[in-house]
Protein chains: 2
Amino acid sequence: MKIGALEAGGTKMVLGIFDEEGRLLDQTKMPTRSPDKTVPDMIDYFREKQIDKLGIGSFGPLNLNRHSPGYGSITATPKLDWRDYPLLQTMQEALGIPAEIDTDVNAAVMAECRMGAARGCENAVYVTVGTGVGAGVYLNGRTVHGLVHPEVGHMLLRPHPRDPMPGGVCPYHESCLEGLASGPALGKRAGKDGAELSDDDPVFTLEAFYLAQMCVNLIMTVSPEKIIIGGGVLQRSSLMDLVRKETVRLLNGYIQAPEITVRIESYLVLPELYPISGLLGAWLIGKDA
Amino acid sequence: MKIGALEAGGTKMVLGIFDEEGRLLDQTKMPTRSPDKTVPDMIDYFREKQIDKLGIGSFGPLNLNRHSPGYGSITATPKLDWRDYPLLQTMQEALGIPAEIDTDVNAAVMAECRMGAARGCENAVYVTVGTGVGAGVYLNGRTVHGLVHPEVGHMLLRPHPRDPMPGGVCPYHESCLEGLASGPALGKRAGKDGAELSDDDPVFTLEAFYLAQMCVNLIMTVSPEKIIIGGGVLQRSSLMDLVRKETVRLLNGYIQAPEITVRIESYLVLPELYPISGLLGAWLIGKDA
């Protein structure tokens, strides 16, 4: 059996062909243009490879309400060409095979839980901090959808008293996580690209403060067994340790679990499957389709 | 079959006897003294009633890690007599019947989801705002435990710029939900007991701001199909509507779901099973034991 996996991103599409054991048999990439240009190319690729099932991890927001006629559509994305585009339905009808969809970050957390940094966990959160901030939430052995799906990047936070930009950069929310801690927020606060900063630049103190608040709020709300933080901003290797220290400081001993009080370095971790956690997640979604 | 239900609170114990259909056959209450005084009385009651199974919804924090020898114990509670007390194990061994335990708020959310304000929902959160703030989280049809269990009351929030007490009253955390929005916080801010305030007292503007931030963060993190808010502070009937308006304002159109944008009054709701949601939840837990 051949399983197709699609990691649908706002910039590029990553397409893979896996066998049932998760061996990658073939892979290709294409830029994300408008659906009428991109989708036929993706269908051609998967058709030629004669896949039996398809899994999709996609940028969102997505309609994941199975009782809705729009199930599997991309909804209110700022990429206007893709707004209300029925991605799952179009791929499924063209290929005539079982197919399933979830958010890109839910795909990633599923892969990290089943075969990566959170192997063996029934409860974990995967956060990616880059141009935006997004998270996949996996609880009781399944990804969380609920009414829509998690949008952790827009959780509201307490600004740091020394933040020169306490409102953040999100056009929707004052002092939300993405507005305060995304790559663009960090760059704007520093006045230059994040990559040009030294490890001890004070903007990383603020960055760690916000990511630690996020960790605290995730711990208080869903009590994950592990929190995985990846994405471009975490390429700065010294940052993770600052986040760990700040999380412990903010929790202030309230959660009495040795995973946090003693072994925080194996509780707040980097992803293991980067950069293919999303594609592997799409394979897992396809396998279950 | 007779199912015993125990709602174990820090002030009182509520014990009920149900049949399989959920009819309450008998009920009693007793004050919560030390375990060596209270537990034998509870065992006597359930033994005399010849129950076949027992469900417990208890104050916490609890050890809910099934792989731990301390499973079913109360852990780091400020009620020192009860610290590390093996509540589930003691009751189960004395009665010799199947028994199961969850937090009081998880019991309540389970009852509200199966037979109350969130009937039919697979994903909901039940928050109680009183002396403390706690929440039960029910996702994908089950309550969430994870590493420990949710402690939503200690989520960190952004203080209101006009709050005279922006740090809150929690001894552990600066500006956490419980520290800013519990009954004692509200009373301290007002300088008198909350019950003496008029509906238009400005402290309710702040209270709604904090409860709405909590709702936003719950929506962003777990995307519940419904949020139920109960507890003493919500006895103030005008408050719920302020929270709804403030939640919509803070979300600022970001979550495009008619449940929120059009029908918020049936999305943020009061409990339906108050004051017996906890006891009914304990019955459900016992039934599944």
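Numbers restart at 1 for each chain; the letters A, B, ... are given by sequence-line order, proteins then strands.
- For a residue to count as touching a neighbouring chain, one of its non-hydrogen atoms must lie under 4.5 Å from one of that chain's; by this rule B/Pro171 touches chain A with the backbone only.
- Each of A/Glu151, A/Gln256, A/Glu174 has some count of heavy-atom pairs under 4.5 Å with chain B, and the biggest count is that of A/Glu151.
- Residue A/Val137 touches chain B through its side chain alone, counting heavy-atom pairs closer than 4.5 Å.
- For the pair A/Tyr267 and B/Leu147, the tightest heavy-atom approach, listed with the atom from each and the gap, is CE1-CD2, 3.7 Å.
- Under a 3.5 Å cut-off, the side chain of B/Ser223 and the backbone N or O of A/His149 do form a donor-acceptor pair.
- The CG atom of A/Leu139 sits 14.0 Å away from atom OH of B/Tyr138, with the distance rounded to the nearest 0.5 Å.
- When the candidates A/Lys226, A/Met155, A/Arg158, A/His145 are compared by the number of heavy-atom contacts under 4.5 Å with chain B, A/Arg158 comes out ahead.
- Contacts between A/Leu157 and chain B at a heavy-atom distance below 4.5 Å involve the backbone alone (N, CA, C, O).
- The parts of A/Glu225 that come within reach of chain B are both its backbone and its side chain, each placing non-hydrogen atoms under 4.5 angstrom from that chain.
- At a heavy-atom cut-off of under 4.5 Å, chain B is reached by A/Asn123 from residues 104-127 of chain A, listed in order of number.
- The distance from atom CD1 of A/Ile255 to atom OH of B/Tyr172, rounded to the nearest 0.5 Å, is 10.0 Å.
- Each of B/Val148, B/Leu250, B/Asn140 has some count of heavy-atom pairs under 4.5 Å with chain A, and the biggest count is that of B/Asn140.
- Remark: B/Tyr254 OH to A/Cys176 SG distance equals 8.5 Å, nearest 0.5 Å.
- Looking at B/Val152, the atoms closer than 4.5 Å to chain A (heavy atoms on both sides) sit in the backbone and in the side chain alike.
- In this structure, the side chain of B/His173 engages the main chain of A/Leu251 through a donor-acceptor pair within 3.5 Å.
- Heavy-atom neighbours of chain B within the stretch residues 206-222 of chain A, taken at a separation under 4.5 angstrom, comprise A/Gln213, A/Val216, A/Asn217, A/Leu218, A/Met220, A/Thr221, A/Val222.
- Neither the backbone nor the side chain of B/Ala135 comes within less than 4.5 Å of any heavy atom of chain A.
- Proximity to chain B (any heavy atom under 4.5 Å) is restricted, for A/Pro159, to the side chain, taken from C-beta onward.
- Few gaps surround CZ on A/Arg263; more than 12 heavy atoms of other groups in view lie less than 6.0 Å from it.
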